[in-house]
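Below is one structure; the comments refer to it alone.
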Amino acid sequence: MPTDWKDALSSLLADQESDNEAANNAGSAETDAAAELPEKTGSGRRTLRLFYEKKGRGGKPATIIEGFDPEGSEDEECEKLAATLKKRLGRGGSSRGGEILIQGDCREQLRKLLKEMDFIVKG
């Protein structure tokens, strides 16, 4: 057991270095597991579902994009994509729970933009 903070810090750094080496050795296994995600096709393109919704929003139309896992890095990717789409369309919207909401009916414009970004769009 380390007696002072310097010893504790050096033991933590040594543990971290050994973990990093183990992660580098297992890196190829992680990429194989990532390639088997159900939401992506064999070419690495993600399939997104696009639909129009007016119900439950006070009669205001919205276009919804689904197909992201709300956990982890996919949620960050979802937020970045939402920001990009809102800027390109000049519309408001939000991103939460693995889905993107864009205000108004802009399905055709979104379909074109998402295909340009190498996504597969259904709906």
Side-chain angles (χ1 to χ4, degrees):
M1 183 78 189
T3 57
D4 68 345
W5 68 272
K6 290 180 184 178
D7 292 336
L9 182 61
S10 63
S11 67
L12 285 174
L13 290 175
D15 289 342
Q16 185 179 14
E17 287 176 7
S18 64
D19 289 343
N20 287 342
E21 289 176 13
N24 288 339
N25 293 338
S28 63
E30 290 177 11
T31 55
D32 292 340
E36 296 176 12
L37 290 174
E39 290 292 321
K40 292 188 179 181
T41 61
S43 65
R45 294 170 46 182
R46 178 181 301 282
T47 301
L48 299 176
R49 290 174 301 283
L50 183 69
F51 60 95
Y52 175 75
E53 188 175 85
K54 199 169 165 182
K55 217 176 211 181
R57 302 184 186 284
K60 295 181 180 178
T63 306
I64 311 291
I65 303 167
E66 290 183 338
F68 293 97
D69 184 19
E71 301 293 325
S73 64
E74 285 191 27
D75 193 39
E76 292 174 13
E77 180 185 350
C78 181
E79 290 176 10
K80 288 178 184 177
L81 179 62
T84 303
L85 292 173
K86 290 188 304 182
K87 285 179 187 175
R88 302 247 336 243
L89 293 171
R91 295 179 181 253
S94 66
S95 167
R96 68 178 90 114
E99 71 178 23
I100 300 171
L101 179 140
I102 304 290
Q103 295 175 352
D105 183 9
C106 51
R107 290 173 284 186
E108 293 302 317
Q109 296 164 328
L110 279 171
R111 194 171 284 118
K112 288 178 187 177
L113 285 174
L114 290 170
K115 285 184 179 181
E116 287 175 9
M117 295 177 183
D118 203 31
F119 287 100
I120 298 172
V121 181
K122 292 186 178 182

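What you see is a predicted model, and the numbers here were worked out from it, not measured in a lab.
Rounding to the nearest 0.5 Å gives a distance of 4.0 Å between CG of Leu81 and CD1 of Ile100. Taken from CZ in Arg49 to CD1 in Ile65, the straight-line distance is 11.5 Å, to the nearest 0.5 Å.
Of the charged side-chain nitrogens involved, none lies within less than 4.0 Å of a carboxylate oxygen, so that Glu77 and Lys80 do not count as a salt-bridged pair.
Put simply, Leu101 and Leu114 are part of two different groups of oily side chains (I, L, V, M, F, W, Y) that touch within less than 4.5 Å, one to the next. No chain of hydrophobic side-chain contacts below 4.5 Å, direct or via other Ile, Leu, Val, Met, Phe, Trp or Tyr residues, connects Leu110 to Ile64.
Remark: Glu116 pairs with Arg88, Leu113 by the side-chain contact (heavy atoms from CB on, under 4.5 Å) rule, at least two apart or across chains. Checked against side-chain contact (heavy atoms from CB on, under 4.5 Å), Arg91 has the following partners two or more places apart in sequence or in another chain: Leu89, Ile102, Cys106, Gln109.
The shortest non-hydrogen separation linking Leu48 to Gly67 is CD2-CA, 4.0 Å.
Residues in residues 95-105 take part in these side chain to side chain donor-acceptor pair (under 3.5 Å) pairs, two or more places apart or across chains: Asp105-Arg107.
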For Arg111 and Glu108, what are the C-alpha separation, side-chain angles and deciding distance, and is it a side-chain contact (heavy atoms from CB on, under 4.5 Å)? CA-CA 5 Å; Arg111 194 171 284 118; Glu108 293 302 317; 2.8 Å; yes
